[in-house]
Amino acid sequence: MNHDPLPFTRPTLDEETIANVSDVLRSGWLASGPKVQQFEAALSEYLGGRPVRTMTSATAALEIALFAAKIGPGDEVITTPMSWCATANVIVRLGAIPVFVDIDLDSRNLLLDQVEAKIGQRTRAIMPVHFCGLPVDLDALYALAQRHGLRVIEDAAHAIGSAWGGRRVGSVGDLVCFSFHPNKNMTTGEGGAIVVTSPEEIERIEAYRFNGVVKPAPGELDVLFPGMKANMSDIQASIGLAQLARLDGFNVRRRALADRYYQLWRKSRPLAATARGDDGHSWHMFAPLLPLDSAGMSRKEFIGKMADRGISVGIHYPAIHLLTAYRQRGGRDGQFPNAERVGRETLTLPLFPTMHDSDVDRVVDAVNEILGR
Ligand SMILES: *Cc1c(COP(=O)(O)O)cnc(C)c1O
């Protein structure tokens, strides 16, 4: 049996990327400079011309987007309890209040028809996550936001290259944030970006990502507010330029691998709760709920048995409202049953562009064997 280590994800880096980084190092300009400008222009072009600004992470991008939308103490932001913790953390960090709404079990996306009931006097924004790269219904989302005069901050950390109704996520809508963490569909080492809506917001974002600094005229400097230090470096941007050029190819390969998982499992059906989605799914992760209960096995045991076979499996994610920081703010068991079930049962199986078809076969064989199928 093949026991070579198979991670659940791995970035695809080529010699051109490595050469790009060497060029930046040789240039002597490492901080935000020409490469960051080039990368922001390339992202903007990829997203249909809307302005884009880069950051050191999507966590920073989400916080800065909330700040740009003037969300602050006492404001409520409706979001999902099934995401990476950063989605809710940034809301709390600005003094605002995350108001959770449960998710659909298949798509893992916010149940938009339950959002309306949570909209109150202090609601200012909705922050959905396009889970695993499957976009939320953007037509329904923006119709809802418009009806109630709310901002939308899309956590599109999983969704670079995803599309809704033939239009790329980020090419339409309000503030849209991407992540370039090495696990995501494209990387800059660490990094993130915001698609911006107005020149006024560009100013707020540029200042907030760089200590609140503005330069009213050459040689003049002022600080408008105590900002973050979250500007991207030219090293990161040079990686991003090479990655963006290959992104659509990466996503085609991700889709083919996901298709293979479905094909191999068509008969034995050990997959529960995975939405296949339409053509716009970018397959950031392949995260089914497996029937561990009926196999009489704990998730921990299952992960151990996969590890024995050299296959690493991820967990994305524990439900946010049950984490200590959120229990302290009133999170309780039973509040969001779908998010909690996903939090307990989900497993992320290997899916990354350089995986071979035979790796998918190996994962499926291992799962079937462990579950006794
Ligand atoms: C990865 C991720 C983030 C944070 O991205 P970073 O670039 O690591 O800060 C936020 N939200 C979701 C849904 C993510 O998966």
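Atoms within a ligand are numbered from 1 in the order they appear, just like the ligands themselves.
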Are R168 and D248 ion-paired here, with the side-chain N under 4.0 Å from a carboxylate O?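 Yes, R168 and D248 are salt-bridged.
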Where the side chain of K35 meets the backbone of I235, is there a donor-acceptor pair that is under 3.5 Å apart?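 Between the backbone of I235 and the side chain of K35 there is no qualifying donor-acceptor contact (under 3.5 Å).
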Parallel, tilted or perpendicular, as decided by the 30° and 60° cut-offs, for the rings of Y262 and F286: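 The rings of F286 and Y262 stand perpendicular, inter-plane angle above 60°.
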Taking the inter-plane angle between the rings of Y317 and W84 on a 0 to 90° scale, is it parallel (under 30°), tilted (30 to 60°) or perpendicular (over 60°)?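 Judged by the thresholds at 30° and 60°, the geometry between Y317 and W84 is tilted.
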May I ask you to check if ligand 1 and [X] share an N or O to N or O distance below 3.5 Å?
X	answer
D155	yes
Y317	yes
A58	yes
H181	no

Closest protein heavy atom (residue, atom, distance) for [atom]:
atom	answer
atom 3 (C) of ligand 1	W84 CD1, 3.6 Å
atom 9 (O) of ligand 1	T59 OG1, 2.5 Å
atom 2 (C) of ligand 1	K184 NZ, 2.8 Å
atom 15 (O) of ligand 1	H158 NE2, 2.7 Å

Identify, by atom number and element, the atoms of ligand 1 in contact range of [X], meaning under 4.0 Å from any of its heavy atoms.
X	answer
S179	5 (O), 6 (P), 7 (O)
G191	7 (O)
S83	13 (C)
T87	11 (N)

Pair F180 + F39: ring centers closer than 6.0 Å: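 They qualify: ring centres under 6.0 Å apart.
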Just heavy atoms, cut-off under 4.0 Å: does A157 contact ligand 1 by side chain, backbone, both, or neither?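 For A157, only side-chain atoms sit under 4.0 Å from ligand 1.
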E201 pairs by salt bridge (charged side-chain N to carboxylate O under 4.0 Å, His left out) with which of R151, R53, K70?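 Passing option: R151.
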Out of the candidates V136, D139, L134, only one should pair with W164 under the side-chain contact (heavy atoms from CB on, under 4.5 Å) rule; please name it.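 Testing each of V136, D139, L134 against W164, the sole residue satisfying side-chain contact (heavy atoms from CB on, under 4.5 Å) is D139.
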With side-chain contact (heavy atoms from CB on, under 4.5 Å) as the test, pick out the partner of E340 among E345, M82, H321.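 Result: among E345, M82, H321, H321 is the only option passing the side-chain contact (heavy atoms from CB on, under 4.5 Å) with E340.
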Decide side chain to side chain donor-acceptor pair (under 3.5 Å) for Q243 and T187; before the verdict, give the C-alpha distance in whole Å, the side-chain angles of both, and the deciding distance to 0.1 Å. CA-CA 7 Å; Q243 290 273 297; T187 188; 5.6 Å; no
